[in-house]
Amino acid sequence: MIYLKTDEEIELVRAANMIVARTLGEVAKYIEPGVTTLKLNQVAEDFIRSQGAIPGFLGYAGYPYTLCVSVNENVVHAFPSNYALREGDIVSVDCGAVINGFNGDSCYTFPVGEVSDDVMRLLKTTKESLYVGISKAVAGNRIGDIGHAIQEYCEKRGFSVVRELCGHGIGRDMHEDPDVPNYGRRGTGPLIKNGMCIAIEPMINLGSKNIVMESDGWTCRTKDRKPSAHYEHTVAIKDGKADILSSFQFVEEVLGDKSI
């Protein structure tokens, strides 16, 4: 069942997402060679709690950390660890927070130092495809229009779209209906209506679209071990069009000229 939000509920979802946005900005300050992904997790948890919120991922379906920190070939849901970031890595930081009973959810993929031209093109294309998908999140369209736009944009540039993982509705629960795939056909799927809150999150691979699950039961990585990028915004459909409730503003203020 798809729950349509009131204007007041949308503002509560926005408040949660702004905490996530600021958390990603805090994490961005620490992205450099030599920093462990566990350190990023601690920075995020401390900041979220300092805002009077609680980490949305910690304990969700048994997930044991505040962040999903996925490096290089890891697509999503990788555990923070003692792995120290290296020059040329990319790291996807997926973050959730809950405040006043509503969830925020957003992800940003960071380059660590200088990365290869192909990898930088993957990051830019994935981030651009997020906004291409958001542009289709308008009342009267269908969910398939979002996925089709993302898929077409990325595949035309030589990248592949993960099939097994997708965006989702969001509100009082982290994951609500509808599923929001990053591929599909125009004019298919649920009708997009005012009051919908959805997380749109392209997960795009440099190589094959195929992924495998690691033995921890959470980490998804590319089968060919080529890099994968992931960007995510939470949006509400309001006055017929997408209102982006999350933000990369704080990340981009930290990155400055190095912004994707």
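The structure places CZ of R185 at 11.0 Å from CD of Q151, a figure rounded to the nearest 0.5 Å. Atom CG of L85 sits about 9.0 Å away from atom CG of N72, to the nearest 0.5 Å.
Here K238 pairs with E11 in a salt bridge; the nearest charged N to carboxylate O distance falls below 4.0 Å. Salt-bridge annotation for R49 and E45: present, with a side-chain N of the basic residue lying under 4.0 Å from a carboxylate O of the acidic one. Under a 4.0 Å N-O distance rule, the pair K136/E152 does not qualify as a salt bridge.
Side-chain N/O atoms of N17 and T234 include a donor and acceptor closer than 3.5 Å.
Other residues, nucleotides and ligands contribute over 12 non-hydrogen atoms within 6.0 Å of the OH atom of Y60.
The backbone N or O of G184 sits less than 3.5 Å from a side-chain atom of H148, completing a donor-acceptor pair. Panel note: side chain S228, backbone V75; no donor-acceptor pair is recorded below 3.5 Å. Proximity of a side-chain donor or acceptor of R157 to a complementary backbone N or O of R121 within less than 3.5 Å is not detected. Side chain of T125 to backbone of L122: no donor-acceptor contact under 3.5 angstrom is found. At distances below 3.5 Å, not a single donor-acceptor pair connects side-chain atoms of N141 with backbone N or O atoms of V138. Here the side chain of E87 pairs a donor or acceptor atom with the backbone of E114 at under 3.5 angstrom.
Between H77 and Y63, the distance from one ring center to the other does not fall under 6.0 angstrom.
In the hydrophobic cluster analysis, where Ile, Leu, Val, Met, Phe, Trp and Tyr join through side-chain heavy atoms closer than 4.5 angstrom, V76 is grouped apart from V71.
Under the 6.0 Å distance and 45° angle rule, R22 does not count as a cation-pi partner of F47.
Checking D105, T66, N41 one by one against F57, the side chain to side chain contact (heavy atoms under 4.5 Å, CB included) holds for a single residue, D105.
Between Y108 and F248, the ring-plane angle classifies as perpendicular under the 30° and 60° cut-offs.
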